[in-house]
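Below is one structure, written out as structure tokens, with a few remarks after it.
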Amino acid sequence: MNKEELSDFYEKFVFEERSLPKDSILKGKKLTGRVILRYGTEAELYKGAQENGYYSRMEPEILILKSPMACQLAAFILPFLKTEIKEHGWHFCQCVIMGHLCEHWDGKEKGIWPIIEKYCFNDFERRLIDRVSNFVSYKIWEEVWHDIKKIIGRYLRRSGINLYFYDGINFEYNFKNVPEPKSQELLDLGVADMIRLPSLTIVSEFPIRILKNEHGQLHCSNNSAVEWSDGFGLFYWNGIKVPREWIINKETIDKRTVLSEPNIERRRCIMEILGAEKYFELLNVVCIDDSIDEHGNPIKLYRTKEKEPKIEEYLFYLFVVDPSTKREYSISVPPSYDVYWAKASTFDYKKIEVRHGDVGLLNLESPFSSPRIET
Amino acid sequence: MKTKEERINRILARGEIHDHCHAVIGEDVIVSRNTNNEIIVEVGNEGAVLKHILETPFVEDGTLIWTKEHKDIPLKKGKYEFIQQIEYNPITNGMRKIQD
């Protein structure tokens, strides 16, 4: 989109920030978002009425909120409020959303469900299936998921629905009915993330803080690495998104945390956060074999001191150093007493010629006894 | 690798929580997948390179951005089978794909 097209884009909208009614449930609370209204022609509005089932002279077009989390909540809530939009106007819904968001970030986490139940509970589940699961998008944003689950867990458990949420760090855009702007233009507009609803686009403002390590990876050892102005934050450890508790309440990391974490990179983060000594102390293991690998790095095999009660077996962990990044990893291995046999198990005992992180290549024409190249 | 589908086909493995992938780059390469989900990489006379790059830019328009992890590995002519690193799951007594 060039400057002229961008200008045309602007002209389609009248930007207006609206204050909330004095008697709203937001009274005394901070406003966490603003609404951009579009003034359409009569023909457009009539068409909109046919499509949307209601007529509004000032149909809200874009809702700008302070954080992607606020957007997720608003997107979740809005479909249930369509009737109220029709009957009470946009301000009512805006108040509901803002009120809930304020309470959410004030740590009370209450407010929205009594309202939803009061106004919309009759077809809650049907609407949930029809709407929410369709417009939320790809990657599971685990932090959002975690927070959302706390709020809607009881409904999800009952309906067995999976929700997928935007990752606030991915800049994906798809304006409806207007040319799709490139990233830079959207950055110029101050849009950092967006969710499209049938008649409304919810966008998030930019974070107020982004912290990185010396390698340019998102990282902060004692706070959120990315933080938005409403207080919502994402926590990263050397480029890997981790749960808030791992950074803020490190003492909550326990053996269960490690054993239930399937991702090797996140287990590596735990090891780095706690330190290797504390990490293995947590697992209650003893080193049963060790050596120096072909890259000069230590390689160790650990076994739990006691059998794991649930399975009545010892657990075995291989401690290795990645030759490329020098990062330390622990990998769960089958019962083994030789460190190299344990390492071979991680590539199914196959004689791979090339090792590239978690990728191995077996030369089908001339197998090697050990990796010829490993990075 | 002119099309998005061709580029996706060159990806051997991708990160679960980070936008990275291991991809085979080169003109003289055939990557095939059989029904057992085995991936075979055939590299011709011109050779190829195994790269660790950001997935989205590569898939979208072929841009190669190194992740600064895992240096390029040149692949000489030959036929290779992709082997995914795995780890033991003591609960199921089976092996599972390493997630990274």
Side-chain angles (χ1 to χ4, degrees), chain A residues 139-140 142 167 169-170 172 215-217 239-242 259 261-268 308 310-311 313-318 322-325 327 329-336 342 345-348 350 352-366 372-375, chain B residues 11-25 31 38-43 48-57 60-61 65-100:
Chain A
K139 294 177 181 177
I140 297 176
E142 293 187 11
D167 186 327
I169 305 301
N170 284 336
E172 296 285 340
H215 304 297
Q217 299 166 314
I240 304 296
K241 187 148 61 61
V242 296
L259 294 181
E261 177 51 63
N263 190 286
I264 190 173
E265 290 292 346
R266 303 218 307 182
R267 285 204 303 270
R268 189 256 305 170
E308 182 67 17
K310 279 186 178 176
I311 54 173
E313 294 286 352
Y314 292 110
L315 303 181
F316 293 78
Y317 296 95
L318 183 67
D322 184 283
S324 164
T325 61
R327 289 175 183 160
Y329 293 92
S330 75
I331 304 173
S332 174
V333 292
S336 325
S345 76
T346 68
F347 280 99
D348 202 17
K350 290 183 176 171
I352 57 172
E353 175 172 335
V354 172
R355 160 84 192 280
H356 201 231
D358 61 338
V359 166
L361 290 181
L362 176 71
N363 189 327
L364 295 174
E365 293 165 349
S366 56
R372 187 173 65 86
I373 312 172
E374 188 171 26
T375 74
Chain B
I11 295 174
L12 303 183
R14 51 172 56 86
E16 279 77 14
I17 57 170
H18 187 255
D19 184 36
H20 73 256
C21 65
H22 302 261
V24 183
I25 308 300
V31 178
E38 294 168 340
I39 302 177
I40 304 296
V41 180
E42 292 177 76
V43 178
V49 180
L50 183 57
K51 286 178 173 287
H52 194 251
I53 51 180
L54 296 184
E55 182 181 350
T56 302
E60 291 304 317
D61 56 17
I65 302 175
W66 182 39
T67 59
K68 299 178 183 172
E69 299 173 8
H70 308 302
K71 293 174 183 172
D72 292 356
I73 294 183
L75 300 176
K76 62 179 184 180
K77 180 185 178 183
K79 191 174 182 180
Y80 303 86
E81 180 186 347
F82 163 64
I83 308 293
Q84 170 69 56
Q85 192 178 25
I86 51 180
E87 70 173 346
Y88 182 63
N89 183 342
I91 305 299
T92 62
N93 191 28
M95 304 298 285
R96 65 186 174 200
K97 173 185 177 296
I98 288 266
Q99 293 182 24
D100 68 346

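Numbers restart at 1 for each chain; the letters A, B, ... are given by sequence-line order, proteins then strands.
Between B/F82 and the choices A/V354, A/I352, A/L361, the side-chain contact (heavy atoms from CB on, under 4.5 Å) rule is met once, by A/L361.
Taking the six-membered ring where tryptophan is involved, the planes of B/H70 and A/H356 are tilted, since the angle between them lies from 30° to 60°.
With respect to chain A, the highest number of heavy-atom pairs below 4.5 Å among B/P90, B/A13, B/G15 belongs to B/P90. Among the candidates A/L259, A/L318, A/D348, the residue making the largest number of heavy-atom pairs closer than 4.5 Å to chain B is A/D348. Of the listed residues (B/V41, B/L75, B/L50), the one with the most heavy-atom contacts under 4.5 Å to chain A is B/L50. Of the listed residues (B/Q84, B/K68, B/H52), the one with the most heavy-atom contacts under 4.5 Å to chain A is B/Q84. Among the candidates B/N93, B/N89, B/I83, B/I39, the residue making the largest number of heavy-atom pairs closer than 4.5 Å to chain A is B/I83. The candidate from A/N263, A/V333, A/I264, A/V359 with the greatest count of non-hydrogen atom pairs under 4.5 Å with chain B is A/N263.
Side chains of A/T346 and B/I98 form no contact here, defined as non-hydrogen atoms less than 4.5 Å apart. Residues B/Q99 and A/R266 fail the side-chain proximity criterion, which asks for heavy atoms closer than 4.5 Å. Looking at heavy atoms from C-beta onward, B/I86 lies out of side-chain contact with A/F347 at the 4.5 angstrom threshold. A/P262 is not listed as a side-chain neighbour of B/E87, based on a closest heavy-atom distance of 4.5 Å or more. Using a 4.5 Å heavy-atom threshold, the side chains of A/D358 and B/H22 count as touching.
Residue-environment remark: NZ (B/K97) exceeds the threshold of 12 foreign heavy atoms within 6.0 Å.
Judged as a side-chain hydrogen bond (donor to acceptor under 3.5 Å, both in side chains), and not counting sequence neighbours, A/S332 has no contacts. In this view, A/F316 and A/Y337 satisfy the ring-ring contact (aromatic ring centres under 6.0 Å, His included) rule, not counting sequence neighbours.
For A/R268, no part lies under 4.5 angstrom from a heavy atom of chain B. Of the atoms belonging to A/L315, it is side-chain heavy atoms, and not backbone ones, that fall under 4.5 Å from chain B. Interface remark: B/I40 contributes side-chain atoms only to the contact with chain A (heavy atom separation under 4.5 Å).
Rounded to the nearest 0.5 angstrom, B/Q85 CD and A/I331 CD1 are separated by 4.5 Å.
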